[in-house]
Amino acid sequence: MNLYELFNSLAADSARSIAGFQGELALCVTIVLLLLLRIPRLTSRIDSFFVMLIGSSVALYLAGPWRPLEQPSEIFTGLLVYDNFTVYFRTLLMAFAVLFAVFTKISGVPDRDAAPDIYALVLGATLGMCIMASANNMLMIFLGVEMASVPSYALAGLLKGRRQSSEAALKYAVYGAGAAGIMLYGISLISGILGTVHLPTMAVRLAELLQPANLESGLGSDTHMVLALGGMMIMVGLAFKLSAVPFHFWCPDVFEGATAEVNAFLSVASKAAALALLARVAIGFGYIPAPVLVETAPAASVETAALYNVADPPGEAPAAPAARTPAENAEAKAEAAVGFGPLPNREAQIAALAPAREFIWKLVAFVAVITCTFGNLAAYGQTNIKRLLAYSTIAQAGYMMMPVASAMVLAGTNAPAARDAISAVAFYAGAYVFMNLGAFAIVAFLRNMLHSEEIADYAGLLHRAPVTVICFCIVLVSLIGLPPLAGFFGKYQIFASLVDAKLWFVLFIAGLNTAISLYYYLRVVKIMTIDPEPDTRRPASMSFIPGTFIVLITAPIVILGVWPDSLNALARIATGQLF
Amino acid sequence: MESTYLTLLSTVVFLPALGALVLAFFPREKTEAMKYFALGVTALVFLLTLIMALPSAGDWQFDAAVTDMQKVFSVGWIPSFNINYFMGLDGISFPLVLLTTFVTMLSMAASWPIEKHVKAYCILFLILETGVLGVFLALDFFLFYVFWEVMLLPMYFLIGVWGGPRREYAAIKFFLYTLLGGVFMLIAILMLYFSSDLKMLSKDQLVAAHVISPELSEGEQAARFAEIQAHTTPRRTFNILALQQLGQHTDAFNGDVLGKPLQWWAFLLLLIGFVIKVPSVPLHTWLPDAHVEAPTPISMILAGILLKLGGYGIIRICYPICPQAGYELAYFVCALGVVSMVYGAFAALAQKDFKRLVAYSSVSHMGYVVLGIGVWSAVAGNEFNADAWKMGMNGAMFQMVAHGIASPGMFFMVGVIYERVHHRNLDQFGGLFAKMPLYSGLAIGIFFAGLGLPGLCGFIGEVFVTLSVWSFNHTLAIITASVVVLTAAYILWTLQRVYLGPEYKGPHGDHLHPMTTRELAIALPLFVLAIAMGVYPQMVFHYMTPSVNQTVDDLAGWAQRNAANLPQMAAFDPTAPAPVAPALVQAEIQ
């Protein structure tokens with residue numbers, strides 16, 4: 001292949017791919033514009049907020065096709081996958097970026113001087129998160145995680161003068177680096193064994209490796225050990241992003257040290273992306289998706305794929321193993337000697353992946369149960385609202401991981417049920433945007449009002465700022481999971497998926513945790529509403545614009561609680577192509 | 001017709017919530033106006049339900065002769081989970097709905113002494129009423145659960161903000177217990193949902209469950225039925241009536257879960273959820289605290305209505321959906337009831353606090369309800385005959401309504417005196433009869449109703465339950481009967497300590513002024529009803545008996561079909577027709 005052909009095939013693929021990547025490109029352009037704003041004399045009179053707002057709005061507009069995609073497709077030679085799941089989470093993340101811009105403008109942090117930097121970091125991280133949600137390749141997974149993490153480290157240190165803030169940023173960075181290193185090692189182990197970094201191809205290879213004949217003969221059992229080790233190492237990286245126990249230690253410190261604005265970003269966007277990635281990786285290794293449509297000419301696709309992937313082109317290996325050329329069959333036979341015997345069809349491949357699914361659901365369920373319980377128990381003793389919410393997000397991450405375990409249990413036998421389980425995650429992530437953005441927005445506005453983030457200082461706030469307190473109560477009650485609020489329907493779906501998967505123990509722990517979590521959420525409610533107001537409080541009140549913002553953020557929690565089908569229908573569409 | 005019912009029942013349920021919304025816009029200082037407004041709303045809701053009880057209300061009339069659900073409507077709510085906005089009324093729920101609207105109205109009238117944060121109080125109070133009415137009317141299990149949980153938060157605040165010195169402890173305890181019960185219930189609901197399949201039911205059963213609307217023509221029904229049957233995947237449902245059909249006519253809920261049938265677990269989890277609310281020993285400990293700390297009107301609601309939700313849930317959901325488990329656990333349920341009765345009575349004897357005593361009397365009296373429902377005696381002597389059970393179930397239902405009249409009355413009477421002397425110490429009372437004769441007369445009447453004196457409302461339910469237990473187990477019956485003695489002991493002793501005696505020597509004696517007109521207007525209707533229901537119980541049975549008997553007949557029918565598998569009933573030939581039972585219950589009533 002000469003350079004000209006290579007260029008042509010790449011150009012054809014890229015032109016097609018860019019159509020599905022416009023939102024991210026808009027983010028890139030906005031980042032560049034924001035950086036240009038730092039040239040003082042040129043642009044000192046432009047408020048970077050407007051650039052951020054317009055940029056993220058355009059990105060949001062371009063992110064979704066605003067209608068369900070008929071077919072999933074792989075873009076950029078199989079590096080990313082462009083399906084409804086991608087679109088859902090990307091839209092969610094960019095919508096959050098828009099809300100975040102408005103929120104920071106109202107709360108006044110960051111100030112005008114620091115704003116371009118902060119917004120550029122936030123958008124950079126969002127870009128990474130979008131890649132996490134659409135990753136189809138181990139390299140992109142790692143790149144996405146890193147692109148999302150590195151700006152977050154800087155964001156955690158946003159308050160430059162504060163020791164606590166710097167400590168938080170340093171802790172976060174060191175932890176992050178460690179987790180990333182371990183994850184990369186895991187990726188290299190698994191990719192090395194399976195001979196590819198392209199996720200669907202890896203699944204096919206894994207199925208061949210794990211097929212019953214191999215397992216019975218004990219062939220490659222040492223390989224399985226390495227695979228399991230690699231899987232656990234990848235889980236370390238994901239658990240770090242999810243702030244799952246035991247990789248959560250950064251979370252309370254960072255949340256306490258960073259501003260509430262950054263916390264909102266970390267707890268919502270970062271978590272949504274990490275969940276999407278967890279679902280992607282779990283499904284990627286535990287299930288063979290329906291054949292992916294490749295639109296370009298097959299020849300170009302095969303060649304470009306061959307250039308970038310060690311393994312077979314994406315469209316072919318999972319889709320039609322029967323259509324292999326004789327040469328390929330010969331190759332496959334050679335591979336069979338080391339354990340890679342080809343499997344007749346997709347059903348057989350899915351069946352062969354049962355051990356992988358069992359490993360994944362046990363691992364995820366174990367981490368979820370520990371995370372949920374620990375997060376809830378540790379939240380009891382907290383006196384700082386941001387620390388309390390940090391533990392709350394840890395516990396919520398535990399809940400949100402549970403349906404992934406259910407999906408892995410169900411995927412082999414009941415694909416629609418597995419789809420519903422993942423759509424529970426998607427719904428919860430959507431509801432979580434409003435719950436946690438609402439919580440941190442209120443914390444930020446109350447900080448501006450009271451100059452305190454101690455829960456004790458909220459005493460009797462109901463009389464001073466009734467609307468804010470009522471909204472905060474709604475948010476907290478929704479986080480407990482009481483009807484008729486969005487959090488309840490999310491939790492209901494999680495429980496439903498666990499019942500469907502018959503994961504009784506996990507279900508029992510989740511139920512118990514709901515009761516445990518009641519106490520500390522309600523303690524905040526109690527302090528704000530029942531406790532008397534201290535005499536020493538200076539006169540202060542919530543001004544109109546922050547109050548309106550709070551109400552507008554809280555309203556969807558109630559609306560989604562009463563009409564959950566609006567979001568749930570979208571979540572179902574988003575997950576419809578995964579199984 | 002469905003749209004009429006939709007409007008009617010939705011108005012009943014959501015009118016209070018709407019009132020709460022309007023209250024939010026009242027100016028802060030108009031506290032008196034808010035109270036009048038809230039009272040007006042509760043009175044309006046009561047009137048609406050009262051009209052339904054009248055014989056000439058046209059479309060709105062509740063037809064007591066109909067045994068099945070009436071006023072049923074169903075519209076889609078969350079289609080992705082087959083959740084419907086599905087409500088209806090029958091003889092089990094209607095008396096309780098009427099009781100709810102009545103007691104709520106009286107409690108609102110009893111709320112006049114509330115001075116703190118009146119606006120919030122009225123709003124929460126009205127939301128609470130919406131939650132309770134929703135639970136009684138909901139026929140969709142998910143909807144039921146939503147209303148069930150909606151009650152929690154208003155109740156938490158009503159105890160936590162307006163309660164006594166240990167109000168925060170009591171409020172969180174109430175919340176934790178009920179939430180834990182709610183979580184168990186949710187798990188059971190999901191277990192049932194995921195094993196349900198409408199395709200297992202026949203067309204008639206689907207029509208009876210209102211999955212296929214009975215209003216459709218025969219052809220349309222057939223088309224709907226074919227549509228349901230055409231699905232390849234299970235058609236899951238939250239429809240309580242359909243779940244009942246599945247539980248009684250199919251083996252949908254017999255799948256194995258951890259070594260037991262699924263319905264055994266579902267029954268147990270649901271029972272725990274409901275029994276916490278009833279409450280039965282040993283899950284009752286939230287109740288005395290909640291009652292003692294709650295303000296008087298909230299105690300009235302709590303004792304008069306909220307406790308009934310537990311009993312209602314057991315009748316409506318536990319037994320009809322999980323008959324097999326109900327049969328297996330009959331002794332467990334009855335034991336719960338009896339232990340509660342005995343323990344509650346002894347605990348009441350030991351109390352020094354007037355309100356705590358009344359609270360424990362509730363534990364004891366609600367034990368009758370659990371016992372009456374739990375008596376699984378579809379076999380009487382040598383015959384296949386559910387008459388004894390019908391008597392127990394009717395007795396339990398009557399006891400719920402009677403307790404719903406007597407116990408708010410008792411709490412109100414305690415509240416009246418507490419407002420004057422600011423203590424509830426039984427040892428420091430005495431001689432109230434001399435100072436407040438009218439009040440004391442009414443109070444003694446209501447306490448006697450609680451005691452179960454013949455001629456008053458408490459008697460009927462207790463006697464029915466006790467008689468029905470006899471055919472189930474003699475020992476339990478004897479214990480049940482002897483609890484009456486304990487009850488008489490603590491009530492009479494209390495009356496003696498509080499109302500009799502030479503003169504009042506406790507604190508604030510000079511504040512013992514006679515009852516006000518408002519107080520009289522609350523106490524008198526309760527007093528009159530307590531007598532009326534005792535003398536003419538038919539006024540309650542008229543509405544409830546057909547539906548209750550139908551429920552028991554359905555369960556007895558299930559028992560007969562499955563007699564071969566049931567140890568106690570194995571001797572009976574399942575193919576033989578059931579002997580036509582003499583209408584023992586009817587005879588008893590008339």
Side-chain angles (χ1 to χ4, degrees), chain A residues 414 416-417 420 423 427 462-463 466-467 470 473-474 476-477 480-485 488-489 491-502 504-505 507-508 510-519 522-523 525-527 529-531 561-573, chain B residues 24 28 76-81 83 117 119-120 123 131 134 142-143 145-153 156-157 159-163 167-168 171-173 175-195 232-234 236 255-258 262 265 269:
Chain A
N414 189 352
D420 289 353
S423 83
F427 180 91
L462 181 67
H463 313 297
V467 176
I470 289 170
C473 291
I474 291 176
L476 291 170
V477 171
I480 299 171
L482 289 183
L485 301 170
F488 164 69
F489 197 74
K491 204 162 268 181
Y492 155 78
Q493 282 189 299
I494 290 172
F495 280 35
S497 79
L498 291 173
V499 172
D500 210 7
K502 301 195 168 39
W504 304 120
F505 178 70
L507 179 69
F508 177 72
L512 210 59
N513 265 298
T514 304
I516 296 175
S517 72
L518 171 77
Y519 187 79
L522 214 56
R523 187 164 59 95
V525 171
K526 188 209 86 173
I527 287 172
T529 56
I530 298 180
D531 284 4
V562 180
W563 286 286
D565 240 24
S566 46
L567 183 61
N568 203 33
L570 293 179
R572 293 246 164 135
I573 292 171
Chain B
R28 188 181 293 247
W77 176 26
I78 308 173
S80 55
F81 268 93
I83 297 165
H117 311 315
K119 188 180 193 173
I123 290 176
F142 189 89
L143 189 64
Y145 182 77
V146 167
F147 280 122
W148 183 276
E149 299 278 286
V150 161
M151 292 181 309
L152 293 187
L153 210 57
Y156 168 77
F157 283 115
I159 298 174
V161 177
W162 290 274
R167 56 182 186 249
E168 285 161 20
I172 192 83
K173 196 168 177 183
F175 206 151
L176 269 176
Y177 266 80
T178 327
L179 184 80
L180 199 63
V183 169
F184 284 148
M185 202 193 299
L186 181 63
I187 293 175
I189 292 173
L190 286 167
M191 288 168 97
L192 294 172
Y193 173 74
F194 278 105
S195 18
T232 50
T233 49
R236 288 173 179 149
D256 182 77
V257 174
L258 308 176
L262 184 136
W265 290 103
L269 290 170

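Every chain is numbered from 1 and lettered A, B, ... according to where its sequence line falls, protein lines coming before strand lines. This one's a predicted model, so the numbers in the text were calculated from it and none came from an experiment.
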> Tell me, side chain or backbone of A/Asn568 under 4.5 Å from chain B's heavy atoms, or both, or neither?
Replying inline: side chain
> By a 4.5 Å heavy-atom criterion (distance strictly below it), what part of A/Phe488 contacts chain B: side chain, backbone, both, or neither?
Replying inline: side chain
> Looking only at atom types and distance, does a side-chain atom of B/Tyr193 sit under 3.5 Å from a main-chain N or O of B/Phe81, one as donor and one as acceptor?
Replying inline: yes
> Okay, side chain of A/Lys491, backbone of A/Ala510: is any donor-acceptor separation there less than 3.5 Å?
Replying inline: no
Let's test your reading of the structure: which of [options] forms the most heavy-atom pairs below 4.5 Å with chain B?
{"options": "A/Leu512, A/Leu498, A/Leu482, A/Val525", "value": "A/Leu482"}
{"options": "A/Leu485, A/Asn414, A/Leu507", "value": "A/Leu507"}
{"options": "A/Leu522, A/Val562, A/Thr514", "value": "A/Leu522"}
{"options": "A/Tyr492, A/Phe489, A/Trp563", "value": "A/Tyr492"}

> Aromatic ring centroids of B/Trp162 and B/Phe157 under 6.0 Å?
Replying inline: no
>> Taking the ring centre of each residue, are A/Phe508 and A/Phe505 less than 6.0 Å apart?
In response: no
Listed pairs under 3.5 Å, donor-acceptor, residues 176-188 of chain B side chains, sequence neighbours left out:
residue: B/Tyr177; atom: OH; partner: B/Thr285; partner atom: OG1; Å: 2.5
residue: B/Thr178; atom: OG1; partner: B/Phe174; partner atom: O; Å: 2.5

>> Only pairs of heavy atoms separated by less than 4.5 Å count here; which of B/Ile172, B/Ile189, B/Leu152, B/Thr233 has the most with chain A?
In response: B/Ile172
> If you draw the axis of the six-membered ring of B/Tyr156, does the NZ or CZ of B/Arg167 fall within 45° of it and under 6.0 Å from the ring centre?
Replying inline: no
